[in-house]
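Contents: one structure, followed by commentary.
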Amino acid sequence: MIHVLFVCLGNICRSPMAEAVFRQIVTEKGLEKQFVIDSAGTGDWHIGHPPHKGTKELLGQKGINCDGMKARKVTDNDFKYFSYIVAMDAQNKEDLMNLARNNSIGEISLLSDYVPSSLWKEVPDPYYTGNFDEVYNIVEEGCSHLLQHILKQHQLTV
Ligand code: 4NP
């Protein structure tokens, strides 16, 4: 099993979008049985809340279901369980590194790390920008490259 966790601040806008998009891409390739995919936030304000209306609407437009998703906060156990912990922005990554205290079994990265010469380095926060379309395009590009990276590392072919 390959365990992948997407992390943002509130776990209601960007990381649930990445979780749902990555799951969709993995499922399209018939690899869903080989993955555990989840998301979490570094903040606790939205614990138990469903994805933001903007994320929900955009995923709906793309035919991706996010029913039942609920925000949660990153836990110590996440660092023992997930081999890929993928942050949406530099602050999320810094917070994760501090929480992990060198005890992570896997790689703590930025989504943009997987996109060669990417024009974006961080996933902008639509909670403030209101631009969910932009986030979807970025997340889709990032998730496709992340999957290629993982498939290569695990010598999987599709
Ligand atoms: P997210 O966006 O990190 O992409 O889920 C945010 C959601 C909520 C807040 C900030 C960012 N907030 O301050 O409540």
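None of the values given here were measured: they were computed from a predicted structure. Note that ligands are numbered from 1 as they come in the structure, with each ligand's atoms numbered from 1 the same way.
Nearest protein heavy-atom neighbour of atom 13 (O) of ligand 1: Tyr128 OH, 3.5 Å. In terms of protein heavy-atom proximity, atom 2 (O) of ligand 1 is closest to Asp125 OD1, 2.9 Å. Ranking protein heavy atoms by distance to atom 4 (O) of ligand 1, first place goes to Arg14 NE, 2.8 Å. Of the protein's non-hydrogen atoms, the one nearest atom 12 (N) of ligand 1 is Tyr127 CE2, 3.4 Å.
Taking distance alone, with nitrogen or oxygen atoms compared against 3.5 Å, Cys8 stays at or beyond that limit from ligand 1. The shortest N or O to N or O distance between Pro126 and ligand 1 is not under 3.5 Å. Checked against a 3.5 angstrom limit, the closest N/O atoms of Ser15 and ligand 1 fall outside it. Taking any N or O of His46, backbone or side chain, at least one lies under 3.5 Å from an N or O belonging to ligand 1.
Under 4.0 Å is where a charged nitrogen must lie from a carboxylate oxygen, and between Arg23 and Asp38 no such pair does.
Atoms of ligand 1 lying under 4.0 Å from any heavy atom of Cys13, numbered from 1 in the order shown and given with element: 1 (P), 2 (O), 4 (O), 5 (O). The ligand atoms of ligand 1 that sit less than 4.0 angstrom from a heavy atom of Leu9 are 3 (O), 10 (C), 11 (C).
Pairing each heavy atom of Asn92 with each of Ala87, the nearest pair is CB-CB, 3.8 Å.
The aromatic rings of Phe82 and His3 sit perpendicular to each other, their planes meeting at more than 60°, with 30° as the lower class boundary.
Taking the six-membered ring for Trp and the full ring otherwise, Phe132 and His52 have centroids separated by under 6.0 Å.
Annotation: side chain of Leu110 is not in contact with side chain of Lys121 (no heavy-atom distance under 4.5 Å).
Other residues, nucleotides and ligands contribute more than 12 heavy atoms inside 6.0 Å of the NZ atom of Lys62.
Using a 3.5 Å distance cut-off with no hydrogens or angles, the side chains of Glu140 and His145 do not pair a donor with an acceptor.
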